[in-house]
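Notes follow the structure.
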Amino acid sequence: MILVLYLRPIEESADDQAVRKAARLLQAGGVVAFPTETVYGLGACFNQPKAVRKIFLAKGRPLDNPLIAHIAMKQQLSLLVREWPPLAERLTDAFWPGPLTIVVPGLTGLPEEVTAGLDTIAVRMPNHKLALALISATDCPLVAPSANRSGRPSPTTAAHVCKDLGKSIDALLDGGDATLGLESTVVGVSAHRIVIYRPGAVTEEMLRRIDSSVEIVYQANSTETPASPGMKYAHYAPDAKVYLMMANATARTPELVENLSRSGEAVGVLAFDDTLLNIPADIVRLSLGPRNDLSFAARVLYGQMRLADQAGLTILLVEAVEEAGVGRALMNRLQKAAHKVLEE
Ligand code: TXA
Ligand code: MG
C-alpha cells in the first residue's frame, strides 16, 4: 500500500525526514511520486532499469514513449548528455529551474527504458523545493513522467496521484497544489534552431527573447512520424467526452447545453466566468476563471476535468482559448482531449 510521506508545508525543512525516506526508497529501486511546479511526477533513479519499468507498468504507459530526466544541479548533465549546444546553455540560464525540458543527444549506454531507444535524452530542472531536495537526497537524476494513469489528465494535487496510482507506487510526497498546472515546454535544441515538441508555460515569445535570430518551429501537431513519441497518443482526457467549442460555438453554449440535455446526456460546461453566467443553475458549471488570466485557466484545467468525472458527466463542453502565450499550451492539451471540435 502507498505511503504518503509529506503533509507539512515544504518551507519548514527541505531535508526533512520524509525526503530522506523517499530518497532511500528510490535508491532501493522504488518508484515515488513527487510534486513539481508543473504537475506531479512519478520518479525512479535513471540508472535502474527495473525501477524505470515499474513506472511504465504503474501508468499503463506505452514503452516507446521516453522519459524526462529531472536534475537538481547542472553538474548532473554529465551523467546524461553527450552534446550540450551553447543555445541550450543560454536557455537553461534563462529558464532553469523551471518548466522547460530540453532534448539533446544522450550519452551512449543510457537504459533503453529511459530513452525508448532514441539517441536523445530529455532533461529538466524543476522549480520546486521539494523536488530539488528529493533529487539531491537521492543523489541521482530522477526520470519521471506525469504521475497519472496514461491518457488521464495529469495530476496537479496529491489526491489526483492517489486516485490514479495509489495502489501501485511505493510512496507519494505531498507538496500541495501544483502552481502552473500544465506540463513543461519540451524543446529540441541545435545550433540555431529550436523545435517545440510540446508547448508549455515557457512560451514561443519567451524563447524568442533569448535569441531573436534562432529559427523556432513547432512539431507538436505533426502527423508525420513523431520525433517526440508522446505526441501521437490521445492524452489528458477525462472520462466525459470533451466537445471543444470554438468561438462561434461558445456563443451558443446555452443552446448546445439544452439540445444535449434533451437527448439524455449528462452535460457540463468548462468555460470562462462570463460564458458560465448564461448557463442554467441546474447544469454543472466548471470555471476556467476570468477570461484575461490564462495562467489561472492553466492551473485549474486538469483538476476541473477530474471534477467533471466525479460529477458523472457524459459530455463536457469546453470553451476554446486564444492561442497566444500560454493559451497555445492550453489549446494543445484541449485539442488532444477533444472527442469533437465544434466550429459552429
Ligand atoms: O512538466 C513535466 O514535463 C512533467 C513533470 C513531472 O516534470 N513531466 C511530464 O512527463 O510531463 P511526460 O512523460 O508525461 O511527458 C514527457 C514528454 C512526452 O511527450 C515525451 O514523448 C517527450 O516529453 N520526450 C521525452 N523524451 C524525449 C526525447 N528524447 N525526444 C523527444 N521527446 C521526448
Ligand atoms: Mg504525461
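The shown structure was predicted, so the numbers you read here are calculated from the model rather than taken from an experiment.
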Problem set entry | Criterion side chain to side chain donor-acceptor pair (under 3.5 Å) on T38 and S184, from CA distance to verdict | CA-CA 6 Å; T38 58; S184 63; 5.8 Å; no
ILVMFWY network linking [X] to [Y], side-chain heavy atoms under 4.5 angstrom:
| X | Y | value |
| --- | --- | --- |
| W84 | F95 | yes |
| V114 | F56 | yes |
| L256 | L316 | no |
| M305 | M245 | no |
| V269 | F272 | no |

Measure from the side-chain N and O atoms of [X] to the backbone N and O of [Y], and report whether any donor-acceptor pair falls under 3.5 Å.
| X | Y | result |
| --- | --- | --- |
| H128 | E37 | no |
| D170 | V32 | no |
| R152 | P238 | no |
| S212 | R208 | no |
| Y40 | G175 | yes |
| T314 | A266 | yes |
| Q27 | T138 | yes |
| R90 | I210 | yes |

Problem set entry | Residues, nucleotides or ligands: over 12 heavy atoms within 6.0 Å of E89 CD | yes
Problem set entry | Within 6.0 Å of CD in E323, more than 12 heavy atoms from elsewhere | yes
State, to 0.1 Å, how close [X] and [Y] come at their nearest heavy-atom pair, and which atoms those are.
| X | Y | answer |
| --- | --- | --- |
| V31 | S168 | CG2-O, 4.3 Å |
| N148 | S146 | OD1-OG, 2.6 Å |
| P290 | D273 | N-OD2, 3.6 Å |
| A69 | L80 | CB-CD1, 3.8 Å |
| T36 | P126 | CB-CB, 4.2 Å |
| P199 | A329 | O-CB, 3.5 Å |

Are [X] and [Y] close enough that some pair of their side-chain heavy atoms sits under 4.5 Å apart?
| X | Y | answer |
| --- | --- | --- |
| R20 | Q17 | yes |
| L244 | Q335 | yes |
| V103 | V189 | no |
| L317 | L342 | yes |
| V321 | M331 | yes |
| L330 | L288 | no |

For this session: Run the numbers on R198 and T101 for side chain to side chain donor-acceptor pair (under 3.5 Å), then give the verdict.
Result: CA-CA 9 Å; R198 181 176 71 184; T101 295; 5.1 Å; no
Seminar exercise, completed: Taken in chain and number order and not counting sequence neighbours, the residues that satisfy side chain to side chain contact (heavy atoms under 4.5 Å, CB included) with A72 are Q76, L132, I135, S136
Exercise. Can you list the steps and then say if R209 with E205 is a salt bridge (charged side-chain N to carboxylate O under 4.0 Å, His left out)?
Worked result: CA-CA 6 Å; R209 252 175 260 141; E205 295 82 351; over 6 Å; no
Problem set entry | Verdict with reasoning, D293 to R299, per salt bridge (charged side-chain N to carboxylate O under 4.0 Å, His left out) | CA-CA 10 Å; D293 188 356; R299 184 154 72 239; 5.6 Å; no
Problem set entry | E258/R252 under side chain to side chain contact (heavy atoms under 4.5 Å, CB included): CA gap, chis, key distance, verdict | CA-CA 10 Å; E258 199 185 317; R252 46 182 214 95; over 6 Å; no
Problem set entry | Charged N-O contact under 4.0 Å between K163 and D309 | no
Exercise. Under a 4.0 Å N-O cut-off, is there an ion pair linking K21 with D16?
Worked result: no
Exercise. Can M246 and V341 be said to form a side chain to side chain contact (heavy atoms under 4.5 Å, CB included), step by step?
Worked result: CA-CA 7 Å; M246 304 312 284; V341 178; 3.9 Å; yes
For this session: For the residue pair Y243 and H339, categorise the inter-ring angle as parallel (less than 30°), tilted (30 to 60°) or perpendicular (more than 60°).
Result: parallel
Exercise. Checking side chain to side chain contact (heavy atoms under 4.5 Å, CB included) for the pair L91/W96: CA distance, chi angles, key distance, verdict?
Worked result: CA-CA 8 Å; L91 291 178; W96 277 8; over 6 Å; no
Give, for atom [atom1] of [X] and atom [atom2] of [Y], the distance between the pair rounded to the nearest 0.5 Å.
| X | Y | atom1 | atom2 | value |
| --- | --- | --- | --- | --- |
| L79 | F46 | CG | CZ | 5.0 Å |
| L301 | F296 | CG | CZ | 11.5 Å |
| L107 | E83 | CG | CD | 11.0 Å |
| E319 | L334 | CD | CG | 10.5 Å |
| I102 | T120 | CD1 | OG1 | 13.0 Å |
| T115 | D64 | OG1 | CG | 11.5 Å |

Problem set entry | Donor + acceptor pair across side chains of S154, R333 (<3.5 Å) | no
Problem set entry | D164 and its salt bridge (charged side-chain N to carboxylate O under 4.0 Å, His left out) partner, picked from R61, K59, R306, R149 | R306
For this session: Identify, with sequence neighbours excluded, every residue that meets salt bridge (charged side-chain N to carboxylate O under 4.0 Å, His left out) alongside E215.
Result: R193
Problem set entry | L100 and L207: CA distance, side-chain angles, deciding distance, side chain to side chain contact (heavy atoms under 4.5 Å, CB included) verdict | CA-CA 10 Å; L100 180 70; L207 293 167; 4.3 Å; yes
Exercise. Taking it one step at a time, do K74 and D93 satisfy salt bridge (charged side-chain N to carboxylate O under 4.0 Å, His left out)?
Worked result: CA-CA 10 Å; K74 278 194 180 174; D93 284 345; 2.9 Å; yes
